[in-house]
There are 2 protein chains.
Amino acid sequence: MNIKKFSEATKLTAYTVRYYEKMGLLKNISRNSSGHRWFTEQDIVWVAFIKRLKDTGMPLEGILKYAELREQGISTSEQRMKMLQDHALKLEENITEQQLNLKKLQQKITYYSDVIKVQ
Amino acid sequence: MNIKKFSEATKLTAYTVRYYEKMGLLKNISRNSSGHRWFTEQDIVWVAFIKRLKDTGMPLEGILKYAELREQGISTSEQRMKMLQDHALKLEENITEQQLNLKKLQQKITYYSDVIKVQ
DNA sequence: CTACAACTTAGAGCCAACTCTAAGTCAAGT
DNA sequence: ACTTGACTTAGAGTTGGCTCTAAGTTGTAG
C-alpha cells in the first residue's frame, strides 16, 4: 500500500511515517517503479508494536535499538527479550505508582466534595 | 528556606523552580532582604501536588489553570474538583490501557522465551 | 497535452519542558 | 578589603518528537 493508506492504517501522519523511516525505525520499505514507498501488512504490525513501546514510555532511541537487533535476525532474540523484560518491569512499577496517584487524587476529590457541601 | 534547600526538598533543579515561578505555577514566593526567594513547607506540599498532576500526564498549562483557580480562593473549589475528576477519569482509563499493554508485552516475552528454548 | 493530486527529498520550524549562560548583586569568612 | 559562592535576571540553547515547507517528479483524468 502507499504512504496514504499506510498512514491511515497506522494512524500516524505521512510526515511521521517518513520520519520513522529516516531515523531507522522502519527498515527495508520497498519502493514502486516511481520511487514511492510501498508498505505491507507486516509493516502495520511492526508499527503497532512500535506504538506499544512508545505509549508505554520507551523513548524512540530505545525502540530504535530494538529495531536494530530485530534486523539482525533470530540470534538477537535473547537481547530483545531482555530489553522487553526490563521495560515490562518498569511498566509494572509505573502502573503501581499511577494507581497510588489515582488514589491520592480521589482522596483530594473527596476532600473537595466535603468543602463544597459545607459552603 | 532558600532555593537550594527547596530544590533538594522537591527534587526539582533550581532552574526548574525559577521556571515554574516565572510561568505562574509558584505564586507569592516571598523574598528576603537581599532579594533571594524564601520558600516555606507549604510550597513543598504544593510542588508535590504539581508533580502528581504532571506525573499523571497533565500538561503544565493545565496545572497552571488549576494554580490560578487555587489562587482565587475557596469560591473556585467546585471548578477545581471538576478538573480533578476529569483528570482522574483519564488516569483511570490510562491505567487500564497500560495494564493491557503490560499483558501484551508479557505475551511477547513468553514467545521469546519459547524461541530461545528451541534455539 | 495539460492540469492536478500524491508522492519524493533535504532541511527548517515548532512545541513542551526544561537547562544553561552572561552579567550582575550580595553576604560571610579570612 | 577581598575572595568565594550562592543568589538574581533576561534571554538563548537543548532535547524529543514531530510537523511543515519548498522544489521537484510522477500518474491519472479530462
Side-chain angles (χ1 to χ4, degrees), chain A residues 1-40 43-44 46-68 83 87 90 94 101, chain B residues 1-40 43-44 46-68 83 87 90 94 101:
Chain A
M1 77 201 74
N2 64 14
I3 198 164
K4 184 159 198 210
K5 287 273 173 203
F6 187 69
S7 81
E8 281 160 10
T10 57
K11 282 161 187 169
L12 296 176
T13 67
Y15 295 137
T16 305
V17 172
R18 292 191 199 98
Y19 170 70
Y20 279 8
E21 193 198 21
K22 201 177 345 183
M23 75 169 286
L25 285 183
L26 301 175
K27 293 176 194 295
N28 310 315
I29 303 302
S30 58
R31 302 292 175 121
N32 69 13
S33 57
S34 50
H36 295 186
R37 291 170 185 80
W38 198 252
F39 299 91
T40 67
D43 297 326
I44 294 178
W46 171 232
V47 165
F49 187 62
I50 288 174
K51 287 178 111 179
R52 196 182 302 283
L53 292 179
K54 180 177 161 331
D55 291 351
T56 52
M58 188 181 287
L60 296 189
E61 266 310 298
I63 304 175
L64 181 58
K65 201 185 154 192
Y66 184 95
E68 273 154 11
M83 277 191 77
H87 184 59
K90 275 188 224 152
N94 187 257
N101 280 332
Chain B
M1 77 201 75
N2 64 15
I3 198 164
K4 185 161 197 207
K5 287 272 173 204
F6 187 68
S7 80
E8 280 160 11
T10 56
K11 280 161 189 170
L12 295 176
T13 66
Y15 295 137
T16 306
V17 171
R18 293 192 198 98
Y19 170 69
Y20 279 7
E21 193 197 23
K22 200 176 345 183
M23 74 170 284
L25 286 183
L26 301 175
K27 293 176 193 294
N28 310 315
I29 303 302
S30 58
R31 301 292 177 121
N32 69 13
S33 56
S34 49
H36 295 187
R37 290 169 184 82
W38 198 251
F39 298 91
T40 68
D43 297 326
I44 295 178
W46 171 232
V47 165
F49 187 63
I50 288 175
K51 286 178 110 179
R52 196 181 303 282
L53 292 179
K54 181 177 160 332
D55 291 351
T56 51
M58 188 183 287
L60 296 189
E61 266 309 299
I63 304 175
L64 181 58
K65 202 185 154 194
Y66 184 96
E68 273 155 10
M83 278 191 76
H87 184 59
K90 275 187 223 153
N94 187 257
N101 281 330

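No hydrogens, no waters, no symmetry mates; every other heavy atom, side chains included, goes into these values. Reminder, nothing fancy here: chain letters follow the sequence lines and each chain counts from 1.
- For the pair B/Pro59 and B/Ser33, both in contact range of DNA chain C, the more 5′-proximal nearest nucleotide belongs to B/Pro59.
- Listed nucleotides: C/dC7, C/dT9, C/dA27. Nearest to the side chain of A/Arg31: C/dT9.
- Per the geometry, CD1 belonging to A/Ile3 stands 16 Å off P belonging to D/dG27, to the nearest Å.
- Contact check of residues 4-30 of chain A against DNA chain D (heavy atom, cut-off under 4.0 Å) returns A/Tyr15, A/Thr16, A/Tyr19, A/Tyr20.
- Atom-to-atom, NZ of A/Lys54 to P of D/dG17 comes out at 7 Å; the value is rounded to the nearest Å.
- Taking the side chain as every heavy atom from C-beta outward, B/Arg31 and B/His36 never approach each other to under 4.5 Å.
- Listed candidates were C/dA27, C/dA17, C/dT9. Nearest to the side chain of A/Arg37 is C/dT9.
- Whole-Å rounding puts the A/Asn2 CG to C/dC7 P distance at 5 Å.
- Counting to the nearest Å, the C1' atom of D/dC18 and the CG atom of A/Leu64 are 16 Å from each other.
- The interatomic distance linking A/Ile50 (CD1) with D/dC18 (C1') rounds to 14 Å, in whole Å.
- If you measure from atom NZ of A/Lys51 to atom C1' of D/dG17, you get 14 Å, rounded to the nearest angstrom.
- The shortest distance between side-chain heavy atoms of B/Thr16 and B/Thr10 does not fall below 4.5 Å.
- With a 6.0 Å radius and a threshold of 12 heavy atoms from other residues, nucleotides or ligands, A/Lys27 has its NZ atom above the threshold.
- When side chains are defined from C-beta on, B/Asn2 does not count as touching B/Arg37, because their heavy atoms never get closer than 4.5 Å.
- D/dC7 atom P lies 13 Å from atom CE of B/Met1, rounded to whole Å.
- Residues B/Phe6 and B/Val17 form a side-chain contact, since some pair of their non-hydrogen atoms from C-beta on lies under 4.5 Å apart.
- Side-chain contact between A/Val47 and A/Tyr20: absent, with no pair of heavy atoms (C-beta onward) separated by less than 4.5 Å.
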